[in-house]
Student: 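One structure, as C-alpha cells, below. Some questions next.
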Amino acid sequence: MGRLIQLLPEHVANQIAAGEVIQRPSSAVKELLENAVDAGASKIDLVIKDAGKSLIQVIDNGKGMNIDDANICFQRHATSKIKSTDDLYAINTKGFRGEALASIAAIAQVELKTKTANEELGIQINIEGSEILSNEPISCPVGTNILMKNLFFNVPARRNFLKSNAVETKHIIDEFERIALAHPEVHFTMYNNDNLVFDLPNATNRQRIINIFGKKYNERLVPLEEKTSITEISGFILKPEFSKKTRGEQFFFVNDRFIKNTYLNHAVRNAYKELISKDQFPSYFIYLTVPKDSLDINIHPTKTEVKFQDDRSIYAIVLSTVKNSLGKYSISPSLDFEQESSFQVPPLKKGEAIKPPTINVNPNYNPFEKVSSKEKQEAIANSLDMIKEPSISFDQNLNETSNQTDDSQLEQNWTGLTKINHYNKIFQFQRKYIVTSLSSGIILIDQERAHHQIVFERLLQQFQDKKIETQQLAFPLQLELSNSDYELSLELLKEIKETGIDIDDFGNNTLVINGLPMGFDINECKGLIEDILENFKHNADELISNNENLAWTISKRGCIKSGRDLNVSEMDGLINELFCCDSPYFNFKGKPIIIKLENQEIDSRFEKK
Ligand code: ADP
Ligand code: MG
C-alpha cells in the first residue's frame, strides 16, 4: 500500500487557515480597518453592501505599499510589522501575524490598489481563491484601496452558515465602533448599501463617543483620570442612572486596542455595586495605557483577549479610579435595592374596626383546576384591558414605601393582614407577589412573571396563527434613533412588522409608527422599539428573528410590572389566566412563576411533626 499521508495543496491549506481569521464579514472588516490604521491613515472609509456578504471595501490615505510589498502581501506570514520573537513583546501595531490578507485572498475575490508617496505609479492586483489573476501598474492616490467581493464564494458551506443581514450588519457596526473609539484622531466614514451611516471627523475621545452614540451622551459621561507606575487610565463611565438592563456600552481599550476582559469588567461592576441593581449593567469607555512589555496580546488569534503581567494590581486601580470618579461627581448611593418593603395593607387607626372587603370571592376556588374554554376567552379579553393601564415604576414604589418599616407599624399591619385574610383568601404582598392558600399549603405567584408569561403565550399563538391584530394610531408616532440603531432597525423592519407593529422608514434616522399590537399601551411604544433593538444587539447570535424572542420582548413591555397595586378581582383574573397558560409554573426563560409552600414544610419550620 502506498503512502496515505500527503501535504495539502497550498490553496486548501490557506482556506482552512482562513477559517480561523475570517469567521464572518465583520472579521474581514476588522482586519482591513486595522491595516489602514497601522498604515498611519488619517482618513478611512468603509463601504459595505449586503451586510458585507457581497462587498467590503476599505479606502485609506495611509502610507500605501510599493510594488514589491504589494506583490508579497497576500502570502501567508507576510508582515512588515514584526521581524523576530522579541518584537512580539513590544507590539505597537494592530496586526503582526501576517495572516489577514492571505486569508481574505483565499476566500473572496479581492482587488487591491495601492501607492506610496515616493512612487509615480501605483499597482493593482486582482486575486481570488489565492490565485493572482492580474497585476498591473495604475495611477491612483497615495494610500490603499482594497475591495473584497463575494465572501466565501468558494466555500459554500461557510457562506450558508452566515446569519441574516441584520445580524451580520450588527457585528460589522460593532467592529467599526470599536476601532473608531480607539482612534478618535482618525476621520472614519461608513456606508451601508449606499447610506452614510457614520461620518466621524477626527475629534477628542469625548466627542467621538457622542458622535457615535448620540448627543444625549454628553450629559451622561463622567470622566476618568488616573496615572500610576503600572498603568494610566482615561476615558468615561456613564452615570449609574443610565445603566442598562442588557450589557449596554462596555468598552475597554488597552494601548488603543479594544479588548474583552471579564476580570476588569468585574472591577467596574464592583465600583458601581451600591449604585445599581443586580440586573443592571454599567456602561463605560475605559482606556488603559500600560508599558508594552507588560502586555501579552498573543494569547488569542482573534486578538480581543490580552494578558496583563500584573492583572490584580490593574483590577485594584480600575476599581478605585471608577469609585473615585463616581464619588467626585457626587454620585453617591441613594437607593437601597435590598430594602424590605412593608406589607401593602394600610395601618389601622386606633379604635377603627376592620370592615370585611365587599368583593365576593368563591371560597372553594382552586386555581389548579383547569378553566373552561369560555372562561379562558373571557380571561384573555380581560388581560388585554389590563395591558392598557399605566404601571408604576420600581423607583416610585421604593420611595412610597420606604417610610413604613418601623416595628410597631409592621405589627399593626400584620394583625390587620391576618384578619383580612380571614375573609379573603387572596392578597398582594410587597406589590410583587400574589398570595393565596390551598388546602395543601400556600402559594406565592410573581405578578410580573405571571402576566408576562400570559401575554407572551398569547402573542406567540397569534404569531403562529398569523392572526396578529394591529390597532392603528390616530396620530402616527415618530421615533428618532442613533445612526447605528437606525441602520439596524432598517434591516429588522420586516421582522418587526410581523409582530403587529406597523412601522416604516421615514428617512433621516427616523422611523414612523402607524400602529401597535392590539391592547398595547402607546406610552410604552418608544421603549418597545428600543427594547427590541437592545435585545437584538446583545443576543444577535441567539436570533431574535425567531418569534419567541420578539414575543418575549414585546410582552415584557406590555405586561403588569412589580410595584403595581392589584385589587382582588385583578388578582383573581390573573390567576385564572395563568392557569390557562401552557407553562404556568415556569416562564419562557425557565424561571419560576409560582412557589408553593407545602403544609408539611410549614409545620416542620414550626418544629411540629
Ligand atoms: P499584518 O497586518 O498582521 O502584518 P496582513 O495580512 O493584515 O498582516 O497584512 C500584511 C502586510 O500588508 C502588512 O504587514 C502591511 O505591510 C501590508 N498592508 C496591509 N494592508 C495595508 C494598508 N492598508 N496600507 C499599507 N500596507 C498594508
Ligand atoms: Mg493586518
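First listed ligand is number 1; within each ligand, the first listed atom is number 1.
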Student: Whether R178 engages the ring of F251 as a cation-pi pair (distance to the six-membered ring centre under 6.0 angstrom, angle to the ring normal within 45°) should be assessed.
Tutor: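 The answer is no, since R178 fails at least one limit relative to F251.
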
Student: Would you say K53 and N165 are linked by a side-chain donor-acceptor pair, where the criterion is simply a distance under 3.5 Å?
Tutor: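 Per modelled atom types, N165 and K53 side chains form a pair under 3.5 Å.
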
Student: For ligand 1, is any non-hydrogen atom under 4.0 Å from T79's backbone (N, CA, C, O), its side chain (CB onward), both, or neither?
Tutor: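 Both backbone and side chain.
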
Student: Quickly, which of Y263, Y284, F258 forms a ring-ring contact (aromatic ring centres under 6.0 Å, His included) with F252? Name it, please.
Tutor: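 The single option meeting the ring-ring contact (aromatic ring centres under 6.0 Å, His included) with F252 is Y284.
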
Student: I'd like to know if K43 and D45 make a salt bridge, using a cut-off of under 4.0 Å between side-chain N and carboxylate O.
Tutor: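 A salt bridge is present here (some side-chain N lies under 4.0 Å from a carboxylate O).
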
Student: Run the numbers for me: atoms of ligand 1, each under 4.0 Å from some heavy atom of C73, listed by number.
Tutor: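 Answer for ligand 1: 12 (O).
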
Student: Compute whether any side-chain donor of one residue and acceptor of the other, for T321 and N324, lie under 3.5 angstrom apart.
Tutor: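 No pair is found: no donor N or O on one side chain lies under 3.5 Å from an acceptor on the other.
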
Student: Got a sec: is T93 within less than 2.8 Å of the Mg ion (ligand 2) via an N/O/S atom?
Tutor: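 Coordinating: no.
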
Student: Take a 6.0 Å sphere around CD of E185 and say whether it holds more than 12 heavy atoms from other residues, nucleotides or ligands.
Tutor: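 Counting other residues, nucleotides and ligands, CD of E185 exceeds 12 neighbours.
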
Student: Is it the case that ligand 1 has an N or O less than 3.5 angstrom from some N or O of K63?
Tutor: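 It does not: no N or O of K63 is found under 3.5 Å from an N or O of ligand 1.
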
Student: Got a salt bridge between K113 and E111, using NZ or NE/NH1/NH2 to carboxylate O under 4.0 Å?
Tutor: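 Answer for the salt bridge query: yes.
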
Student: I'd like to know if the side chain of N261 pairs up with that of H266 as donor and acceptor (distance under 3.5 Å, no hydrogens or angles considered).
Tutor: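 Looking only at side-chain atoms, H266 and N261 do not form any donor-acceptor pair under 3.5 Å.
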
Student: Just distances here: any N/O of G64 and N/O of ligand 1 closer than 3.5 Å?
Tutor: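 Looking only at distances, the answer is no, because the N/O contact criterion of under 3.5 Å is not met.
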
Student: Considering only heavy atoms, which of E99, M65, E34 lies nearest to atom 18 (N) of ligand 1?
Tutor: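 Closest candidate by heavy-atom distance is M65.
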
Student: Have a look at ligand 1 and work out which part of S80, if any, has a heavy atom under 4.0 Å from it: side chain, backbone, both or neither.
Tutor: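 Looking at S80 and ligand 1, atoms from backbone and side chain both fall under 4.0 Å.
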
Student: Given I104, N35, L32, which one has a non-hydrogen atom that is nearest to atom 19 (C) of ligand 1?
Tutor: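 Answer by nearest heavy atom: N35.
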
Student: May I ask you to check if ligand 1 and A102 share an N or O to N or O distance below 3.5 Å?
Tutor: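 No: no nitrogen or oxygen of A102 is under 3.5 Å from one in ligand 1.
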
Student: With a 4.0 Å cut-off on heavy atoms, is E31 in contact with ligand 1?
Tutor: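 Checking ligand 1 against E31, which is what was asked, there is no heavy-atom contact under 4.0 Å.
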
Student: Please confirm whether T144 comes within less than 3.5 Å of ligand 1 when only nitrogen or oxygen atoms on both sides are compared.
Tutor: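 The answer is yes, given that T144 and ligand 1 share an N or O pair closer than 3.5 Å.
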
Student: Of the side chain and backbone of D60, name the one, both, or neither that has a heavy atom under 4.0 Å from an atom of ligand 1.
Tutor: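 Contact part for D60 vs ligand 1: side chain (C-beta onward).
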
Student: Would you say G98 contacts ligand 1, with heavy atoms under 4.0 Å as the rule?
Tutor: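 Contact present.
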
Student: Using only heavy-atom distances, determine whether the side chains of N66 and N118 contain a donor-acceptor pair under 3.5 Å.
Tutor: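 N66 vs N118: no donor-acceptor pair found between side chains.
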
Student: Does A78 approach ligand 1 within less than 4.0 angstrom via side chain, backbone, both or neither, non-hydrogen atoms only?
Tutor: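 Just the backbone.
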
Student: Relative to Y272, does R269 satisfy both conditions: NZ or CZ under 6.0 angstrom from the six-membered ring centre, and within 45 degrees of the ring's axis?
Tutor: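 No - R269 does not lie over the ring of Y272 by the 6.0 Å and 45° rule.
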
Student: For ligand 1, which atoms have a heavy atom of A100 less than 4.0 angstrom away?
Tutor: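 Under 4.0 Å from A100, ligand 1 has these atoms: 6 (O), 7 (O).
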
